[in-house]
Each structure stands twice: as structure tokens, then as C-alpha cells.
Amino acid sequence: MASLADLINLDLSDTTEKIIVEYLWVGGTGIDIRSKARTVNGPITDASQLPKWNYDGSSTGQAPGEDSEVILYPQAIFKDPFRRGDHILVMCDCYTPQGVPIPTNKRNNAAKIFDNPKVAAEVTWYGIEQEYTLLQKDVNWPLGWPVGGYPGPQGPYYCAAGADKAFGRDIVDAHYKACLYAGINISGINGEVMPGQWEFQVGPSVGIAASDQLWVARYILERITEVAGVVLSLDPKPIPGDWNGAGAHTNYSTKSMREEGGFEVIKKAIEKLGKRHTEHIAAYGEGNERRLTGHHETADINTFKWGVANRGASIRVGRDTEKEGKGYFEDRRPASNMDPYVVTSMIAETTLLL
């Protein structure tokens with residue numbers, strides 16, 4: 001008699017050419033990710049081979065009940081680390097039946113910015129550092145913390161090893177390998193300053209691909225924490241008080257920044273970002289005011305400043321970039337719950353189109 005695990009892991013390749021495609025999309029809150037699966041004839045090598053689909057937008061807060069159909073447009077495919085074989089995940093964006101992007105579809109506008117000839121010519125690179133917190137399921141309290149209590153103060157936990165310092169490593173490593181399997185350009189992981197908090201990095205990836213990959217990496221992490229019985233939090237300040245918040249530092253460079261004389265281009269770009277500080281902060285994630293306090297490696301939310309190797313700045317330039325006179329910079333303002341389509345395209349727009 002086959003067990004449940006046997007059936008979940010069935011290899012279908014010997015019996016059918018059909019594959020399972022998991023359609024992913026950003027939900028009504030703008031930070032949740034939804035999905036559902038359908039069967040198609042395989043193999044699929046490009047998103048353009050997949051049919052559009054639809055879902056009930058009234059159940060995700062994206063359409064009224066009397067006109068609830070929302071259309072999914074497939075945009076980017078990835079290998080499915082859960083079903084494996086030829087099965088795939090596809091990141092989609094969402095439209096009305098008339099072909100109008102719905103309000104939570106931030107990808108559509110981002111694609112227009114990245115398709116602009118001025119932006120495309122600069123081959124924008126992004127590396128996004130996604131911080132997150134793992135919570136105990138029934139109490140919504142960080143993993144490894146005593147229920148209703150607190151661990152020792154911050155200091156021993158960052159990049160640490162040991163049962164009393166690193167909580168949830170099995171989830172983190174499972175996610176790391178699953179992202180590599182999927183084809184996501186995940187470049188590393190590390191334990192963070194607050195116990196129960198971790199980070200993974202996506203990139204360097206070009207243009208809109210960075211955001212597609214980050215959203216799919218978030219989905220994979222949600223699925224893995226689901227299996228583990230742990231809650232994933234992207235709250236930018238999950239625990240009040242003397243504990244670090246969670247951000248999504250966004251590293252950025254253009255072709256001109258990476259070439260000789262690039263440091264001057266970087267400084268001009270930072271100047272432009274400073275002039276639109278208020279607009280960027282408004283788009284950089286909900287609850288960010290609880291994180292950007294001027295403490296715990298942040299700049300105050302109302303202050304824009306940049307510096308070399310300064311983790312208390314809005315924009316940090318690395319020592320290597322200063323030394324070599326070219327490279328990249330890090331925007332430290334985005335919150336962990338930011339929409340990467342918004343943040344990456346806004347940085348490109350401000351630095352290259354305004």
C-alpha cells in the first residue's frame with residue numbers, strides 16, 4: 001500500500017507528458033502571495049507557452065463580488081522544487097478581463113520603466129537582501145525565544161552557530177537549496193542580529209528579473225515554513241524595543257557606475273535619491289517608521305544621509321567601491337515587506353529618468 005509520501009513523490013514522467021504548473025501572483029494586501037495549480041502539456045520552456053488563467057479576485061481583496069474575475073498573465077517560469085521533474089512555478093501579474101492592470105499589479109509599471117531605452121541601456125543590476133523572522137506558530141513569538149519571555153540581549157546571534165544561538169537553520173538551508181534548484185539567483189544566507197531572524201540575498205540580477213526572483217523566493221519560503229509548522233513574518237519591526245528590525249536592503253548599480261569614473265555617477269545618483277526621499281519612503285513598505293528610528297543600524301526615517309561603510313546611513317557605499325572608483329551602492333531604507341517591483345523600478349526611475 002502506497003503511503004502519502006510515496007504518492008506525493010510520484011514520478012509522472014513515465015506515464016504522462018502532462019506537467020503541473022503552479023501559478024503565483026501577489027495578493028490583495030500587496031505583500032501576500034497566492035497560488036493555484038493546473039495541468040498542461042509539457043515540457044514548458046518559456047512563460048509565453050502558458051495560457052492565461054483567472055481566479056476569484058473577490059476572495060483575495062482584488063475585485064468586487066459582482067465582477068470578480070481577475071486574469072493571470074504568466075511572466076517568468078522556475079523549476080518547482082516541491083514537485084520536481086518537469087513541473088514548474090510561474091510568476092504572473094494580474095489584469096481585468098479588459099486587459100487593464102489591477103491596482104496591486106505593480107509589475108506592469110515596473111516593466112515599462114525597465115523597458116525604457118535609457119534604463120535598458122544601463123543594464124541595471126540589483127542585489128536584494130531579504131530579512132525575515134521565523135515565529136512559533138501558535139503564539140506568534142520568535143523561534144527559539146521562551147514563550148512570553150526574552151532571550152539574552154543581541155550580540156551573540158549574528159552569523160552564529162549553536163543550539164542556543166541559531167534557531168531555524170534547517171528551514172533556512174532547505175530554502176537555500178530549493179531556490180538554487182528553482183533557478184533563482186540566490187547568492188547567500190546568514191543569521192541576523194535578532195535571534196530567530198535570518199536573511200537571504202537574491203542577485204545580482206538584471207532589471208525586473210530581480211523582483212520576479214525575490215517574489216518566487218518568498219513563495220518558496222512560505223511553502224517550506226508551512227511544512228515546518230513555523231510562521232514567516234516580513235514585519236519590519238516584529239518585536240518592539242531594543243531589537244533589530246527587518247529590512248530589504250537593495251544594492252544597485254548601472255553600467256556607467258561599474259565602469260571607470262563610476263563613483264562620480266554614483267554620487268550624482270545618490271543626490272537624486274535624496275531629493276525624492278519622501279516619495280521613496282512612502283513606497284518602501286508598511287510600518288517602516290517603526291524600524292527607521294536612527295537606531296539598530298538605520299537612519300531616521302525623516303533624514304537622508306549617505307556615507308562610506310556607514311550602516312547608520314540611508315545609502316551606504318562600500319569601501320571597495322570608494323577604493324576602486326566604481327561599483328555599486330546600497331539603499332538601506334526599504335522594509336522587509338516592500339514590493340520589489342516598486343522599489344527596484346523607483347530607484348531606476350529616480351536615478352536614470354528624472
Pairwise distance CG(N105) to CD1(I71) - rounded to 0.5 angstrom: 12.5 Å
Nearest-0.5 Å distance, CD1 of residue I102 to CG of residue D93: 9.0 Å
Flag, side chain of N251 to backbone of G127, donor-acceptor distance under 3.5 Å: yes
No-hydrogen, no-angle side-chain donor-acceptor test under 3.5 Å, H280 and T350: yes
Residue pair N41 / E17, side-chain donor-acceptor N/O under 3.5 Å: no
Spacing of OG1 belonging to T225 relative to OH belonging to Y132, to within rounding of 0.5 Å: 9.0 Å
H295 and D242 side chains, donor-acceptor separation under 3.5 Å: no
Within 6.0 Å of NZ in K255, more than 12 heavy atoms from elsewhere: no
Cluster overlap I224 with V230, hydrophobic side-chain contacts below 4.5 Å: yes
For the student: nearest non-hydrogen atoms of G285 and N337, plus distance: CA-OD1, 3.4 Å
Polar side-chain atom of R38 near backbone of I20 as donor-acceptor pair, under 3.5 Å: no
Reference residue Y73; test ring-ring contact (aromatic ring centres under 6.0 Å, His included); the match among W53, Y95, W25: Y95
Rounded distance [0.5 Å steps], CG in D212 versus CD1 in I184: 10.0 Å
Check against side chain to side chain contact (heavy atoms under 4.5 Å, CB included), I77 and L89: CA-CA 6 Å; I77 63 170; L89 311 173; over 6 Å; no
CD1-CZ distance between I281 and R276, expressed to the nearest 0.5 angstrom: 12.5 Å
Test item: F304 and I270 side chains (from C-beta on) under 4.5 Å apart, heavy atoms: yes
For Y341 against S345, the heavy-atom pair lying closest together: O-OG, 2.6 Å
S58 (side chain) donor-acceptor with S68 (main chain) under 3.5 angstrom: no
Heavy-atom closest pair, residues Y181 and P81: CD2-CA, 3.5 Å
Shortest non-hydrogen contact between P236 and P238, atoms and distance: C-CD, 3.8 Å
Heavy-atom side-chain contact between L24 and V216 under 4.5 Å: yes
Aromatic ring pairing F82/Y219, orientation class (parallel under 30°, perpendicular over 60°, tilted between): perpendicular
More than 12 heavy atoms from other groups under 6.0 Å of CD on E322: yes
Side chains of I239 and W141 in contact at under 4.5 Å (non-hydrogen atoms): yes
Distance-only donor-acceptor check, side chains Q201 and N190, under 3.5 Å: yes
W145 ring center within less than 6.0 Å of F167 ring center: no
Pairs touching residues 152-180 that satisfy side-chain hydrogen bond (donor to acceptor under 3.5 Å, both in side chains), sequence neighbours left out: Q154-N244
Side-chain H-bond candidate by donor/acceptor type, S256 with E122, under 3.5 Å: yes
T344 side chain to Y252 side chain, donor-acceptor N/O pair below 3.5 angstrom: no
Residue E289 excluded, over 12 heavy atoms near CD under 6.0 Å: yes
Donor on one side chain, acceptor on other, T104 and Q62, under 3.5 Å: yes
Nearest heavy-atom neighbours spanning L234 and E131: CD2-O, 4.0 Å
Ionic contact status for K267 with E264, cut-off 4.0 Å: yes
Residue pair F263 / V317, side-chain heavy-atom distance below 4.5 Å: yes
Check ion pair E324-K326 (N to O, under 4.0 angstrom): no
Exercise: identify the closest heavy-atom pair between F329 and M257: CE2-CE, 3.8 Å
Short side-chain donor-acceptor distance under 3.5 Å, R316 and H249: no
Residues that S253 engages under side chain to side chain donor-acceptor pair (under 3.5 Å), provided they are two or more places apart: R258
Approximate separation, where rounding is to 0.5 Å, of E69 CD and D67 CG: 8.5 Å
Steps toward salt bridge (Lys or Arg N to Asp or Glu O under 4.0 Å) verdict (K79, D86): CA-CA 7 Å; K79 293 173 66 178; D86 289 333; over 6 Å; no
Centroid-centroid distance, W215 to F78, less than 6.0 Å: no
T250 side chain vs I128 backbone, donor-acceptor pair below 3.5 Å: no
Short side-chain donor-acceptor distance under 3.5 Å, T254 and T124: no
Non-neighbouring partners of E22 that pass side chain to side chain donor-acceptor pair (under 3.5 Å), sequence neighbours left out: S35, R83
Residues R290 and D235 bridged, charged N to O under 4.0 Å: yes
